[in-house]
Amino acid sequence: MQHYLKAILDITDTAEDIPKRYFRQTLDIIHKGDDSPVTVADQTCERMIRDALAQLFPDHSILGEEFGFEDKGSDLLWIIDPIDGTRSFISGMPLYSMLIALLQDGVPKLGVVRMPELGEVFTGSADGATVNGAAISTSNVTALKDAFVYINEGNKIALDAPDLFRRLCQSGREQRLSYDGYPHMLVAMGHADACIDYDLQPYDYLPLVPVIEGAGGVITDWAGAPLTLQSDGRVVAAATKALHREMLDLLGG
C-alpha cells in the first residue's frame, strides 16, 4: 500500500494547484441534479487525478464525484472528491479539501486529505496517520461530558430531526457547527473529540476512514456499522471507543 500512497501523494501534490489557482476568482457555477454546486475547478482537478491514476494503474477502478464510476473489475478502487466543500470554495472559505481513498475489496485502506489553502496533507493507513509527515493521534477523551463536539450539516439535521439537533447542541463540553472534512481531521489530530456528519456521499466519508482509524479513533455510521460504499451517509467519528459508544447512544436517542 505504501507504493500506492506515494503515487497518490505525488499526483495530488500537483493537482492541488488547480483549486488554488481558481480560489477566490470569479467562476461560473453549475448546479447538479441534487442542487450541489460544481465549478470548472472541481472538474479540471478530478480529470487530472483520474488521468494520472489511469496512466499509472490502468487496471484499477475509479469513482469520482464529478465523472462517476469507471469499473475495471478490479478489487482496487480509487475514490476521488477533488473539492470537498465546493460551497466553502466558491464563498472564499479556505477550509475546502481534496479527498482521496483507495479501497481494496470495498474496505478503505488508504486515505489522503489535502487542505490546499492551509498547506496540510493528512494520510492514513494501517501504518498510522500523519499530517505533513508527522504522526498524529486522537485525544484520550472517553466521556461525552468532557468532549469537544463538531456538528456537521447542522442545518440539514435541524430540518430533518429537530429533536436530535437539540440534543446534539446540548451535548459535550463544547459544540461547534461546521461543514466538510476538516472537523474530522481535528478529531484525528486530537484538537476535537467527536464529529457528527449527515447526508454524505461515499467520496465524502470513505477517505476519512483510514485517517481517523490510523490516528486511533473510531468512525462508523450512526448504527455503529463500518462505512462502506452502501452506507446511508450518516457518519460519526470519535477519539475513543468509549466516547464513540456514547455518541451512538446520543444519536439513537
Side-chain angles (χ1 to χ4, degrees), residues 1-2 4-27 37 39-53 64-66 78-102 108 110-125 127-139 148 150 152 176 178-193 195 197 203-217 219 237 239:
M1 285 292 163
Q2 290 305 306
Y4 297 132
L5 179 57
K6 182 182 184 306
I8 195 61
L9 285 174
D10 288 345
I11 291 169
T12 56
D13 184 53
T14 300
E16 76 168 3
D17 289 339
I18 295 171
K20 288 172 71 174
R21 187 167 69 245
Y22 285 103
F23 185 57
R24 293 181 177 170
Q25 303 300 310
T26 300
L27 296 172
T39 71
V40 65
D42 301 76
Q43 295 172 334
T44 304
C45 187
E46 182 174 322
R47 178 52 64 195
M48 183 269 168
I49 296 170
R50 292 178 82 108
D51 289 349
L53 285 172
E65 179 176 10
E66 307 308 334
W78 291 96
I79 304 286
I80 305 169
D81 190 347
I83 299 179
D84 178 59
T86 300
R87 288 185 173 90
S88 292
F89 178 77
I90 62 179
S91 63
M93 168 64 75
L95 297 184
Y96 69 89
S97 60
M98 177 183 295
L99 306 181
I100 310 286
L102 178 61
L110 294 179
V112 172
V113 177
R114 282 188 175 270
M115 305 297 301
E117 304 301 328
L118 301 186
E120 294 178 344
V121 184
F122 298 85
T123 70
S125 69
D127 295 325
T130 69
V131 59
N132 293 349
I136 55 175
S137 61
T138 57
S139 75
F148 198 120
Y150 273 89
N152 273 9
R176 292 289 291 173
S178 53
Y179 293 92
D180 310 324
Y182 197 60
H184 293 276
M185 296 303 96
L186 295 175
V187 174
M189 289 188 288
H191 299 307
D193 307 304
C195 182
D197 225 322
Y203 39 76
D204 297 317
Y205 58 77
L206 290 173
L208 309 176
V209 174
V211 183
I212 294 290
E213 293 183 346
I219 182 168

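Every value quoted in this text rests on a predicted model; they were computed, and no experiment measured them.
Legend: residues meeting side-chain hydrogen bond (donor to acceptor under 3.5 Å, both in side chains) with D10, ordered by chain and number and at least two apart, are K6. By the side chain to side chain contact (heavy atoms under 4.5 Å, CB included) test, Y179 is found to be paired with E153, N155, residues two or more places apart in sequence or in another chain being considered. For T44, the side-chain hydrogen bond (donor to acceptor under 3.5 Å, both in side chains) test picks out no residue, with sequence neighbours left out. Every side chain to side chain contact (heavy atoms under 4.5 Å, CB included) that S139 has, sequence neighbours left out, goes to V141, D193, A239. Residues that satisfy the ring-ring contact (aromatic ring centres under 6.0 Å, His included) test with F148, not counting sequence neighbours, are Y150. Evaluation of the side chain to side chain contact (heavy atoms under 4.5 Å, CB included) rule for D180 yields D84, S88 as partners, not counting sequence neighbours. Residues that satisfy the ring-ring contact (aromatic ring centres under 6.0 Å, His included) test with Y22, not counting sequence neighbours, are absent from this structure. The side-chain hydrogen bond (donor to acceptor under 3.5 Å, both in side chains) test applied to T123 returns T130, not counting sequence neighbours. Scanning for ring-ring contact (aromatic ring centres under 6.0 Å, His included) contacts around F89 gives F23, Y96, with sequence neighbours left out. Partners of D127 according to the side chain to side chain contact (heavy atoms under 4.5 Å, CB included) rule, which considers only residues two or more places apart in sequence or in another chain, are Q2, S125. In this structure R47 satisfies the salt bridge (charged side-chain N to carboxylate O under 4.0 Å, His left out) test together with D51, sequence neighbours excluded. Residues meeting the salt bridge (charged side-chain N to carboxylate O under 4.0 Å, His left out) test with E16, sequence neighbours left out: R114.
Distance check, rounded to the nearest 0.5 Å: NE2 of H184 to CE of M189 gives 12.5 Å. In this structure, Y205 OH and I219 CD1 are separated by 10.5 Å, a value rounded to the nearest 0.5 Å. Distance check: E120 CD to M185 CE gives 10.5 Å after rounding to the nearest 0.5 Å. Here CG of N152 is found 4.0 Å from CG of D197. Values are rounded to the nearest 0.5 Å.
Contact between V211 and A188 at its shortest, heavy atoms only, is CG1-CB, 4.1 Å. Residue A41 comes nearest to I18 through the heavy atom pair O-CG2, 3.9 Å, listed as atom of the first residue, atom of the second, then distance. Between M115 and S97, the shortest heavy-atom distance links the atoms SD-CB, 3.4 Å. Closest non-hydrogen pair, P19 versus I83, comes out as CB-CD1, 3.9 Å. Pairing each heavy atom of C45 with each of A15, the nearest pair is SG-O, 3.7 Å. Nearest heavy atom pair, residue D81 against residue Y203, reads CB-O, 3.6 Å.
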Test log, rule side chain to side chain contact (heavy atoms under 4.5 Å, CB included), inputs L102 and L5 = CA-CA 9 Å; L102 178 61; L5 179 57; over 6 Å; no
Trace of the side chain to side chain contact (heavy atoms under 4.5 Å, CB included) decision for I79 with I100 = CA-CA 5 Å; I79 304 286; I100 310 286; over 6 Å; no
request  = Could you walk me through whether L9 and V112 pass side chain to side chain contact (heavy atoms under 4.5 Å, CB included), step by step?
outcome  = CA-CA 8 Å; L9 285 174; V112 172; 4.1 Å; yes
message = For a side chain to side chain contact (heavy atoms under 4.5 Å, CB included) check, start with the C-alpha distance between R50 and W78, then their side-chain angles and the critical distance, and finish with the verdict.
response = CA-CA 9 Å; R50 292 178 82 108; W78 291 96; over 6 Å; no
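Judged purely by atom type and a 3.5 angstrom limit, D204 has no side-chain atom pairing as donor or acceptor with the backbone of L99. In this structure, the side chain of E46 engages the main chain of E65 through a donor-acceptor pair within 3.5 Å.
The side-chain heavy atoms of P108 and E213, taken from C-beta on, include no pair separated by under 4.5 Å. A heavy-atom distance below 4.5 Å is not found between the side chains of T12 and V121.
Remark: M48 CE is packed, more than 12 non-hydrogen atoms of other residues, nucleotides or ligands lying under 6.0 Å away.
Between M98 and the choices V113, I80, I49, the side chain to side chain contact (heavy atoms under 4.5 Å, CB included) rule is met once, by I49.
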